[in-house]
Amino acid sequence: MSFIQVNNLKKHYDYYEKEVGLKSSLKNLFYRKKMIKEAVNDISFTIEEGEIVGFLGPNGAGKTTTLKMLSGILFPTEGSLSVGGYIPWERKKNFKMMFSIVMGNKGQLNWDLPANESLFLTKCIYEIEDDQYNRTVEELSELLDVKDLMKVQVRRLSLGERMKMELIAALLHNPKVIYLDEPTIGLDFMSQKKIREFFKFYNQQQKTTIILTSHYMADIEDLCSRSIIINNGKIAFDGELKSLSEQISTGKYVKLQMDKEIDESELRSYGNVVSFDGYNATIEVQKQLVNECIISILNNFPVVDFTIEDISIEEGISYFYRKGEVIHETD
Amino acid sequence: MKPYPKYYLVFKTFLKNNLIGYMEYRANFFMEFISEIAYVALKLVYIYAIFKTGVSINGNSSAYILAIGGNHMILTGIFVGFFMMNFLDLSYRVRDGTLDFLITKPISLQFMISFRSFQLGATIPNFVIGIAMLVIGIREMGVEISFWNFIMYLLLMISSIILTYSIFLIMQLPTFWIVKTDALTNIMESIWDYNNMPMNIYGKRIIIGGIFFIPLFVISNFPLLALTGQLESHLMIWGIGVSVPFLILSRILWKTAIKRYSSASS
């Protein structure tokens with residue numbers, strides 16, 4: 001049995017709409033048309049112990065809702081789910097002792113206190129022995145380079161420093177599984193890199209299972225051997241990112257720069273015109289036709305410069321977001 | 001076996017962290033203390049006026065009114081200092097989804113919600129002035145306080161605190177369905193102030209309702225009646241015992257309500 005097992009999970013929310021203006025507010029006081037949002041709609045996957053899996057998807061795709069069900073914060077509408085043999089929404093103490101959740105846009109540290117006071121509270125809640133607590137705080141603060149900041153009031157810390165403190169608080173009890181919901185959101189490049197390196201190291205050392213959601217491709221590419229793309233509450237892709245790019249990129253991008261204005265319709269015969277402004281154009285051309293196309297374009301158009309590029313993983317993913325098509329990687 | 005139970009340690013840490021947090025903002029700390037003293041002083045003037053004029057309301061001597069005002073103030077100190085902030089926080093936590101983190105902690109969520117914040121700046125003046133009023137009132141009444149009556153007073157005060165906690169927690173639970181509960185909070189505060197007068201100034205129906213249905217009069221009125229030897233023994237048993245079913249009821253309703261939690265947008 002896999003460490004995390006998710007079967008036909010669904011989560012539906014009730015909501016209602018309101019037109020602009022006071023009149024519709026008055027109307028809404030007495031009658032509201034109930035609507036249902038299918039935040040997560042019949043998803044299934046398994047995750048093995050020690051795996052790092054990335055959840056990708058546009059805003060509102062259902063990533064965070066899935067994480068909240070995995071951590072027992074939310075009850076699902078339908079479906080089954082087990083994490084390390086526990087059903088999360090039963091909220092058993094032993095289950096809570098074995099996982100941690102970090103949300104990039106919500107902190108759990110008290111802003112009015114230095115981080116070490118909040119960490120001590122976490123120690124009491126998780127019943128961590130003094131020795132283990134001192135050792136873990138020492139190790140993690142050293143690794144994350146925040147040892148000198150433990151006594152500083154949390155609200156005085158920078159976003160990156162605060163996130164590092166949040167990570168220490170989340171890892172104090174040595175969880176078996178960590179859910180990271182956009183942990184690098186708003187951080188500068190160096191802080192993002194540092195946090196990524198930390199998790200890579202931490203996973204290798206502790207064999208912790210990590211589920212990560214992020215909008216930054218670098219986070220996913222660097223850390224996750226496997227990615228699950230969620231779109232409109234459904235799984236659109238489950239597999240290696242590399243294999244995703246192979247599956248979607250049967251073509252290449254030919255980027256052209258002209259010295260005279262041309263007409264877009266003249267380029268359509270070569271492939272899909274992705275962008276065009278009269279002088280610059282990007283055409284998606286089938287891989288096997290690239291050479292032929294380039295020769296023909298150079299002969300027929302006033303080209304001053306051109307490049308041939310692979311379709312990036314980001315573009316591949318946005319292709320999935322648009323299309324909502326489901327692909328499961330074949331082994 | 002650990003030297004201290006976990007819940008005691010967590011409670012102590014909450015209390016310590018609150019004090020540290022308070023003292024980080026020195027100006028606010030002193031201002032809150034002063035504003036609370038001013039508020040209590042205002043209340044005091046009003047009760048003192050009744051006392052000084054020697055008015056008796058519905059057979060209650062002005063000394064008794066002073067004593068009950070004092071007892072009410074002690075309980076207000078406990079309520080405002082220990083529970084109120086937490087109950088008000090609950091609605092905010094449901095609305096902005098910050099309850100998420102607390103749900104994931106391996107400790108009772110009801111405990112975390114109930115005892116996380118303290119408003120000690122409000123407790124101390126209410127408590128000190130309340131005790132002073134109670135002592136002066138009792139002295140003026142000239143009643144002899146027996147040891148037994150004092151024990152009954154303490155038991156009824158504990159029961160009152162449990163009842164206050166249970167009733168006001170139950171009143172905050174609709175937040176899981178209707179999210180915003182400002183109106184309920186206002187009702188809660190108004191009802192609370194009903195208790196700073198002897199209950200027999202109200203009509204018979206209100207008294208019966210306030211003792212047996214929503215036992216608000218058991219809070220603050222019963223302990224003083226017991227202390228001055230005026231509470232009949234069956235009401236004494238009711239006063240001490242009624243807090244238990246209310247505590248159980250609040251627990252059951254809490255468990256039902258928490259299942260409704262739908263978090264908020266990420």
Side-chain angles (χ1 to χ4, degrees), chain A residues 11-15 39 59-60 63-65 67-69 71-75 88-89 91-114 117-118 120-127 129 153-156 166 169-170 173 175 179 181-182 185 213, chain B residues 1-26 28-29 89 92-94 96-112 115-118 176-179 254-266:
Chain A
K11 179 71 190 176
H12 298 172
Y13 289 110
D14 296 346
Y15 73 106
N59 291 329
K63 306 183 298 288
T64 304
T65 305
L67 279 194
K68 284 183 180 173
M69 285 192 280
S71 48
I73 294 169
L74 294 179
F75 287 74
W89 49 88
R91 296 175 184 157
K92 293 215 165 111
K93 189 184 161 195
N94 286 346
F95 169 67
K96 291 176 176 178
M97 294 290 273
M98 66 166 232
F99 86 96
S100 229
I101 184 162
V102 177
M103 301 189 198
N105 49 9
K106 275 181 204 158
Q108 57 173 324
L109 300 175
N110 187 332
W111 277 48
D112 295 333
L113 304 179
E117 299 284 0
S118 290
F120 184 77
L121 176 64
T122 308
K123 170 198 180 304
C124 298
I125 291 173
Y126 283 93
E127 299 165 67
E129 296 293 336
Q153 207 182 22
V154 169
R155 71 184 187 92
R156 306 248 179 228
E166 291 280 351
H173 61 288
Y179 307 121
D181 190 18
E182 301 187 30
I185 195 162
T213 80
Chain B
M1 189 75 184
K2 289 188 177 172
Y4 297 107
K6 171 178 173 176
Y7 281 78
Y8 168 71
L9 266 181
V10 174
F11 182 79
K12 213 175 85 177
T13 314
F14 279 156
L15 200 61
K16 184 189 82 181
N17 285 357
N18 260 270
L19 276 173
I20 297 171
Y22 252 120
M23 289 186 257
E24 285 290 330
Y25 305 101
R26 287 181 299 183
N28 186 60
F29 179 79
D89 260 5
Y92 291 115
R93 287 187 186 279
V94 169
D96 66 12
T98 45
L99 200 62
D100 289 0
F101 277 121
L102 302 187
I103 288 178
T104 66
K105 301 293 172 201
I107 190 167
S108 156
L109 181 63
Q110 190 179 341
F111 173 81
M112 290 272 274
F115 303 108
R116 218 176 153 73
S117 315
F118 303 93
F176 287 98
W177 283 267
I178 59 176
V179 183
W254 166 266
K255 285 198 159 183
T256 313
I258 196 70
K259 285 187 182 159
R260 284 281 312 177
Y261 181 58
S262 59
S263 193
S265 163
S266 56

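Naming: A, B, ... by sequence-line order, numbering from 1 per chain.
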Nearest-0.5 Å distance, CG of residue B/Asn18 to CG of residue A/Asp112: 9.5 Å

Distance from B/Met112 atom CE to A/Leu121 atom CG, nearest 0.5 Å? 6.5 Å

What residue in A/Lys123, A/Lys63, A/Met97, A/Arg91 has the most heavy-atom pairs under 4.5 Å with chain B? A/Arg91

What option among B/Ile103, B/Val10, B/Leu102 has the most heavy-atom pairs under 4.5 Å with chain A? B/Ile103

Quick one: ring-ring contact (aromatic ring centres under 6.0 Å, His included) partners of B/Phe101, sequence neighbours excluded? none

Counting heavy-atom pairs closer than 4.5 Å to chain B, which one of A/Tyr126, A/Trp111, A/Trp89 comes out on top? A/Tyr126

Can you tell me how far the CD1 atom of A/Ile125 sits from the CZ atom of B/Phe14, to the nearest 0.5 Å? 5.0 Å

Would you find a donor on one side and an acceptor on the other, under 3.5 Å apart, between the side chain of B/Lys6 and the backbone of A/Cys124? no

In this structure, are over 12 heavy atoms from other groups packed under 6.0 Å from A/Arg156 atom CZ? no

Does any heavy atom of chain B fall under 4.5 Å from the side chain of A/Phe99, the backbone, both, or neither of them? side chain

With a 4.5 angstrom heavy-atom cut-off, is it the side chain or the backbone of B/Ile258 that approaches chain A, or both, or neither? both

Are there more than 12 heavy atoms of other residues, nucleotides or ligands under 6.0 Å from atom NZ of B/Lys16? yes

I'd like to verify something: which residue of A/Lys92, A/Gln108, A/Lys93 has the highest number of heavy-atom pairs under 4.5 Å with chain B? A/Gln108

Answer key: most heavy-atom pairs under 4.5 Å with chain A among B/Ile20, B/Thr104, B/Ile107 is B/Thr104

